[in-house]
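In this text the structure is predicted, and so the values were computed from the model without any measurement.
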Amino acid sequence: CPLDFFVSLYNKEFLSELSHDELDRALKSLKRNKAISADEVSSNIIIDCYESQRDILYKVLRLYKEYLFNKECSRIN
């Protein structure tokens with residue numbers, strides 16, 4: 001799934017801060033014209049709008065990372 005490339009950043013260092021450089025590297029690993037997966041987000045959409053929406057995508061992914069962290073913490077507790 002296209003977002004898996006971004007989410008994989010969190011799997012490596014879940015508690016580390018997400019940087020714009022990491023996001024840029026993840027975007028460069030996306031392939032065009034791949035089938036839409038469970039998240040229903042086409043990689044073409046992310047690639048095409050990345051430059052104009054980079055800061056928004058960064059903020060959304062940081063919030064998603066916080067959500068995953070809080071979800072994991074509540075599961076442990």
Side-chain angles (χ1 to χ4, degrees):
C1 98
L3 293 181
D4 284 345
F5 292 99
F6 297 114
V7 173
S8 68
L9 294 172
Y10 307 133
N11 294 336
K12 292 178 184 173
E13 295 180 33
F14 193 81
L15 297 175
S16 70
E17 286 294 316
L18 175 65
S19 72
H20 280 92
D21 289 339
E22 289 173 308
L23 193 58
D24 291 340
R25 284 193 307 272
L27 177 83
K28 289 176 184 176
S29 71
L30 287 176
K31 306 291 185 229
R32 285 198 171 273
N33 303 317
K34 294 292 180 179
I36 296 175
S37 62
D39 64 11
E40 298 185 17
V41 177
S42 165
S43 59
N44 291 350
I45 292 171
I46 295 172
I47 293 168
D48 291 342
C49 73
Y50 181 69
E51 285 303 316
S52 64
Q53 303 300 317
R54 180 178 183 237
D55 290 334
I56 292 171
L57 183 57
Y58 176 76
K59 290 174 185 175
V60 167
L61 290 170
R62 285 190 62 193
L63 288 172
Y64 182 64
K65 180 180 178 179
E66 289 176 28
Y67 163 77
L68 290 177
F69 176 74
N70 291 331
K71 183 177 175 182
E72 184 64 20
C73 286
S74 66
R75 186 181 71 77
I76 292 171
N77 295 327

Ser43 and Asn33 have their tightest heavy-atom pair at OG-N, 4.3 Å
Non-neighbouring partners of Asp21 that pass side-chain hydrogen bond (donor to acceptor under 3.5 Å, both in side chains), sequence neighbours left out
none
Rounded distance (nearest 0.5 Å) linking atom OH of Tyr58 with atom CG of Leu23:
8.5 Å
Salt bridge (Lys or Arg N to Asp or Glu O under 4.0 Å): pairs with one or both residues in residues 49-61, sequence neighbours excluded
Asp24-Arg54
Using side chain to side chain contact (heavy atoms under 4.5 Å, CB included) as the criterion, list what pairs up with Asp48, not counting sequence neighbours.
Arg32, Asn44
Residues at least two apart in sequence or cross-chain that pass side chain to side chain contact (heavy atoms under 4.5 Å, CB included) with Ile56, listed by chain then number, are Gln53, Val60
